[in-house]
Structure formats: C-alpha cells, structure tokens
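Input: a single structure, listed below in structure tokens.
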Amino acid sequence: MRQGTGRRRQHGDNGHDEKGEGRKAIHDRTIPGWSYICSPARAENGRLRSAALVFSLTIRFHKGPAVPDSETIAMRLTRYFLPILKEPPREAEIVSHRLMLRAGMMRQEAAGIYAFLPLGFRVLQKICQIVREEQNRSGAIELLMPTIQSAELWRESGRYEAYGKEMLRIQDRHEREMLYGPTNEEMITEIFRAYVRSYKDLPLNLYHIQWKFRDEVRPRFGLMRGREFLMKDAYSFDLDQAGAQHSYNKMFVAYLRTFQRLGLKSIPMRAESGPIGGNLSHEFIILAQTGESEVFCHKDYLDFAVPGANVNFDDVAGLQATVDQWTSQYAATSDMHDAAAFAKVPADKQVSARGIEVGHIFYFGTKYSAPMKAVVATGAGGEVPVHMGSYGIGPSRLVAAIIEASHDDAGIVWPEAVAPFKVALLNLKQGDAGTDGACAQLYKDLTAKGVDVLYDDRDERAGGKFATADLIGLPWQVMIGPRGLAEGKVEVKKRADGSREMMSPAAALDLLSK
RNA sequence: CGGGGCGUAGCGCAGCCCGGUAGCGCAUCUGCUUUGGGAGCAGAGGGUCGCAGGUUCGAAUCCUGCCGCCCCGACCA
C-alpha cells in the first residue's frame, strides 16, 4: 500500500499504473473517517494500548484543504469484488436497502450495522469528499475525534444520565465507564476550552467525519436508520449570538451547495428550535417518492438559486440575504406542519411530497460552553461562555437517500458526482477478437483520459451484462458488440434516461472524457 | 419498549400440522451447444435444519429455554 513498486505492477490493470503521478494521489488519498491500514511504524512499536486502538488502527489524516478527486480508477469486473444478487434477502424492504444488497454495495453484520463493500465504499468516499470540500470552502477546519469517549466528559454537561439507552455504554478493562460517541459536542467543547482563551481566536468552526453509534430501539430501512452511521459534524464557536448567526448562515449555504453537488434538490425546513428559541434550526430535506416523512412546502423552493462556488462566506449581509430567501416561504415536515399556514400558500404553489432528512443544523448558544466552562476573554475585559452551533450531515445515510431519490425498476441511477464509476464498458461478446480488441483499446483510452471505468469482461451473455450495468447504475454504458463493430461503431447509453446512440469509439471517448 | 412474524445450502423457498436421517429454483464447478436484454442440455459439489436441553427406538418436525433477524407502532440523522 505504501511504496511497493513490485506489488503495484501486479495490479497493473486497476489503472493506477497508467499514470505516474497518480502515485502520490493514492498515498495521500482521503479515506472517510479513517482507514483500517496497519502501518509498519505502528506495527513495530506495537505498544499502543489505548482502548481506542484495540484493532490496531492507524489513522491517516488527510492533509490540507480540498483534494480534487483526480485519482482514476479503472477496473476489470473479473478482478473486482462485486457480489451481485439476483434476488435480495428477504429482510430488505425499502428500495435503497434492496438495491444496495443486490448491487453488492454492502452487507449487514448485525442489526443496524453494515459493512461497506467496494462499490458502496466508493460512493461513500465520493460523498465524503464533496461534503469535505464544501465544509472547507466555507472556512470550517477538519480534525478527527475518536469514536470512544469517557463518561466523565458527558457528566460535565449532564448528558450522561440524560441521554438514555440510545447511548452505547461500555467499560474498559479497568472498569472505567466509556461510551461509543453518538455525537461530539462535549468532546469538541473540551478541546476548544483547552486551547482557546481569547475572542481574537473566534470565530472558529471545527468538523470531523466519524462513525457514530446510536443504539436505536429499532434500527430499520438499511442504512437509512442504522445504529452505526457515518456523520459529518461541525461545531461553531462565536463570541456572541450575532456572530453565531453568521456561522450558522455559512453552514446553511455550505449545505445548499453540498446537496446540490450531490445531485439532490434539498429544502431547508424549520426544525424544533433549540433551548435558546428563535428559528436557528433547520433540517435539510431531500425530496424522494419513497421518503420517510411527509413534507409540505412552497413550490418556489424548487427554483431558488443555489450560491455558486465563488460565494463569499465573509459577506455577512450577502449570506443573510441568501438564508432569508431560502427561509422566506413555507416549508415543514409533518411533525412541524401547520395546516393553517400551509393553506395560505396559493393552491398552485403548494407542494406536498415525501422527503428524507439528510442534514440538520442548529444553534444552541451556551448550552455546553456554560456548564463546561468554555469561555473566552472579551475585548472589554472579563470572560464569557462562547456561543455554539452544531451542524450534521449523514454521508452513510446519504448513500441510501440518493438511491431512494434516484432509481428505476432496473436499478440504481447514480448522479454522476457520486457514481462509483463513471462508465460501464460492456463487452457483448467476450472472446471475440474484434470486440475484445475494441474494448481493450477504449478501456485503455478512457483510463488514460482519467475516466473511472468499470470494464465488464466477464464471460457472460450480453443480457446479463445489461442487467448488471443497469442495476449498479453507472451514468454511462458503452456497449461493444459485433453488430455495431461491423460498422465501426459502439453504442453509448445514458443510464438516467435510457437514451442511446451509435458512434465511433473516438466519438465515445470524446463524449465521455469531457 | 408494546404488538406481529421468521430462522432449513451463498440468495429465494418447500418440508414441520400427521416424527423415520433433507428437497426445489437461482447461484457455484465441469463438459458440450449457445451468444445484443438475466440461455439450453448433461453432470457435480455444497446444509451440525439458529443454539441448548427435553420427550422418543428415532426429532428439521413435538415440548421448554435462550439467541438472532424482520415488519407495524412509539422514538430518532
């Protein structure tokens, strides 16, 4: 995994070798949360006995700001690990759960606990990367906190007793009370107070992408409502409420951008206000026919503009204007629904649909900073507890949510931004010199252009390859068979609308490498 | 946590009521024929029937206990 050039040569076909400079990218490759890779250094000193490291994990940090996803992955299906199922296991009820199992994306290991198989993992990585880029763009700073926390920390905020059975409580060998973190407000507050003393260090927004555990009474719907789930949680620190409002607005805008980039239409909906009151709490809902809850909103939300990549996050008035627009009309989930208020929306503007919560942001003032004494010196002398907010996005849930929002009878229809591969290359007559040669050439050419391509080189009939390609939902399918090749053409199909076109391999290469 | 249901081959299921040492489809392996929307024929491998007790000459089947999983509800990212 490190520098073994000999080893890399063996894997010559996965495309890493095609590009010399790809090596560094792989090395620094961001892996959401962490990677289970035991580094030589770790193995040698071997004395790390921290309870959090019982699995000999090495945590590799991702360096610096957004890493463009430039790593090209090409793969031959015969060498990949893609356990497709014709029939989904009986327990899978909702469409995303069924499709994820059928497409070999994940496997259930216990109730509400899943392993991500390679295809699913790639989607999760892509989602995390987009989330990360937009967090960074807004000025938030990534760190990584542990999954295991001490009960002591939670006693300070009073939540150890208050949290209830959803919190997984565990004991280490010294019978110290620990817990598997369901969230990290206490820990981030502890980190903040340890180092930050002055208003001059504010504002500050720290986030991480880490696994959480909530011992739901009844986990269900596959990844949508698992017990273990990956979460991006950001925490903002400001001197006062006005500052906190701006921090909130930054995240609000970052969320609009994040979900748009993921290929989703998201609508911020008023959520239950925090202990401070006001209206600084929103759930971000994406619309999906099979969504978990009923939502009601004004039709204009579907056409509001999402700020571009050049949005100025330091423009206080500008961000406020954006947030004002995006909160100007009626939008509520069923539990916050006010039928009378909704009735005032013009009939032709009323949208009632189903949705899935994929993000939640809120301001909670000094709820943790006051009891935990996270205070800073003000410019006027004296100290005040900082005003905080927290902002969550569930990348693992998003994998399922995107499928709920984007699928058809044949399978998944991935938005291009999160697709595990961009192109499925189907050799319709494996073993035929003509198709084999044409496929090999296009495979090589696409890889050289940096296009993620999954080459179905199995000795399967064409029908089986079509079905598999539709199921796993890659945005583009290139079908190469003797029929088209007789005229020097290949067929390119767009998964999203099923449209297909015969074209020369050169034209296909051009189209797909744009 | 209340209510319901299910654990038999990798997946989907039958067999259980009425006890006699396990079967079907798909998948997998071999061979031949096929080859543009999940092919056909022939053959093969694979299961301590969730676990533990009990009843019986004999238990997948009957009884008891436990474990796991799913669905509805309450709850939540």
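Values reported hereafter were calculated over all heavy atoms of this structure, with side chains retained and with hydrogens, waters and symmetry mates removed. Letters A, B, ... mirror the listed sequences (proteins, then strands); counts begin at 1. None of these values were measured; they are calculated from a predicted model.
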Counting side-chain heavy atoms from CB outward, which of B:G37, B:G36, B:A77 is closest to A:Asp470? B:G37
Counterpart residues, ring pair (Phe, Tyr, Trp, His ring centres under 6.0 Å), relative to A:Phe229 (two or more places apart): none
How about A:Phe304 and A:Tyr301: are their ring centroids closer than 6.0 Å? yes
Could you tell me how the ring of A:Phe296 sits relative to the ring of A:Phe342: parallel (under 30°), tilted (30 to 60°) or perpendicular (over 60°)? perpendicular
Given B:G36, B:G38, B:G37, which nucleotide is nearest the side-chain atoms of A:Ala462? B:G36
Partner of B:A9 by Watson-Crick or G-U wobble geometry, both contacts under 3.5 Å, or none? none
Describe the nucleic acid contact of A:Gly226 in one word from base, sugar-phosphate, nothing, applying a heavy-atom distance below 4.0 Å. base
Checking all strands, does A:Gly392 fall into the base, sugar-phosphate, or nothing category for heavy-atom contacts under 4.0 angstrom? nothing
OP1 or OP2 of B:C72 versus the side-chain N and O atoms of A:Arg218: is any pair under 4.0 Å? yes
Residue set satisfying ring pair (Phe, Tyr, Trp, His ring centres under 6.0 Å) with A:Trp154, at least two apart, ordered chain then number -> A:Tyr163
When you get a sec, tell me which of B:G37, B:A77, B:G36 is the closest nucleotide to the side chain of A:Lys493? B:G37
Numerically ordered, the residues 98-107 of chain A set in heavy-atom contact under 4.0 Å with RNA chain B is A:Arg102
Proximity to the side chain of A:Lys429 - top-ranked nucleotide from B:C76, B:G38, B:U35: B:U35
Side chain to side chain donor-acceptor pair (under 3.5 Å) involving A:Gln441 - partner list, sequence neighbours excluded: A:Asp445
Rounded distance in Å - CG (A:Leu168) to C1' (B:C76): 16 Å
Are the side chain of A:Lys429 and the backbone of A:Pro482 linked by a donor-acceptor contact shorter than 3.5 Å? no
Taking the minimum atom-to-atom distance to the side chain of A:Lys165, which one of B:C69, B:C1, B:U35 wins? B:C1
Sugar-phosphate, base or nothing in reach of A:Gly484, heavy atoms under 4.0 Å: base
Comparing nearest nucleotides in RNA chain B, the 5'-proximal residue of the pair A:Ser396, A:Val217 is A:Val217
Assigned partner base of B:G65, Watson-Crick or wobble definition, under 3.5 Å: B:C51
Start at the 5' end of RNA chain B and walk down; is the nucleotide closest to A:Arg220 or to A:Val358 reached first? A:Arg220
Polar contact flag, side-chain donor to acceptor under 3.5 angstrom, A:His337-A:Tyr330: yes
Taken to the nearest whole Å, CG/A:Asp459 to P/B:U30 is 11 Å
Over all strands shown, is A:Glu93 touching base, sugar-phosphate only, or nothing at heavy-atom distances under 4.0 angstrom? sugar-phosphate
Can you tell me how far C1' of B:A77 sits from CD1 of A:Ile127, to the nearest Å? 14 Å
Applying side chain to side chain contact (heavy atoms under 4.5 Å, CB included) to A:Ile141 and not counting sequence neighbours gives A:Leu204, A:Leu206
Give the minimum heavy-atom separation between A:Leu302 and A:Ile267, together with the two atoms involved. CD2-CD1, 4.2 Å
Measure CG/A:Asp436 against C1'/B:U35 and give the value in whole Å, please. 13 Å
Relative to the ring of A:Phe362, is the ring of A:His360 parallel (under 30°), tilted (30 to 60°) or perpendicular (over 60°)? perpendicular
Both distances under 3.5 Å, Watson-Crick or G-U wobble: report the partner of B:A42, or none. B:U30
At 4.0 Å (heavy atoms only), tell me whether A:Gly464 reaches a base, stays on the sugar-phosphate, or touches nothing. base
On the nucleotide B:A27, are OP1 or OP2 found under 4.0 Å from the side-chain N or O atoms that A:Lys86 carries? yes
Examine the base of B:C76 for any acceptor or donor lying under 3.5 Å from a partner atom in the side chain of A:Arg225, and report the outcome as yes or no. yes
Students often get this wrong, so: under 4.0 angstrom with heavy atoms, is A:Gln108 touching a base, only sugar-phosphate, or nothing? sugar-phosphate
Just to verify, what does A:Arg98 make a side chain to side chain donor-acceptor pair (under 3.5 Å) with, not counting sequence neighbours? none
Examine the base of B:G37 for any acceptor or donor lying under 3.5 Å from a partner atom in the side chain of A:Arg500, and report the outcome as yes or no. yes
Name the nucleic acid region contacted by A:Ala110, choosing base, sugar-phosphate or nothing; use a 4.0 angstrom heavy-atom cut-off, strictly under. sugar-phosphate
Restricting to side chain to side chain donor-acceptor pair (under 3.5 Å), what partner residues turn up for A:Trp414, sequence neighbours left out? none
Residues at least two apart in sequence or cross-chain that pass side chain to side chain contact (heavy atoms under 4.5 Å, CB included) with A:Ala115, listed by chain then number, are A:Glu109
Counter-base of B:A60, judged by Watson-Crick or G-U geometry with both distances under 3.5 Å: none
Taking a pair to mean Watson-Crick or G-U wobble geometry with both distances below 3.5 Å, B:C1 pairs with B:G73
Base paired to B:G37 (Watson-Crick or G-U; both N/O distances under 3.5 angstrom): none
Report the residues that fulfil side chain to side chain contact (heavy atoms under 4.5 Å, CB included) with A:Lys489, sequence neighbours left out, ordered by chain and then residue number. A:Glu487, A:Met502
Rounded to whole angstroms, how far apart are CG on A:Asp457 and P on B:U35? 21 Å
Close N/O contacts between protein and nucleotides 12-14 of chain B (under 3.5 Å):
from  : atom 1 : to      : atom 2 : distance (Å)
B:G12 : OP1    : A:Arg90 : N      : 2.5
B:C13 : OP2    : A:Arg90 : NE     : 2.7

Ring-on-base stacking B:G38 with A:Phe466 (under 5.5 Å, under 30°): no
Identify the pairs formed between an N or O of the protein and an N or O of nucleotides 42-45 of chain B at a distance under 3.5 Å, and give each distance.
none

Separation of A:Phe81 atom CZ from B:G10 atom C1', in whole Å? 11 Å
Where the side chain of A:Glu216 is concerned, which of B:A77, B:G36, B:A39 is the nearest nucleotide? B:A77
Nearest-angstrom distance from the residue atom CZ of A:Arg214 to C1' of B:A77: 6 Å
Strictly by salt bridge (charged side-chain N to carboxylate O under 4.0 Å, His left out), give each pair with a member in residues 387-414 of chain A just once, sequence neighbours left out. A:Glu292-A:Arg397, A:Asp408-A:Arg495
Whole-Å distance, A:Arg458 CZ to B:U28 C1', equals 14 Å
G-U wobble or Watson-Crick pairing nucleotide for B:C18 (cut-off 3.5 Å, both distances): none
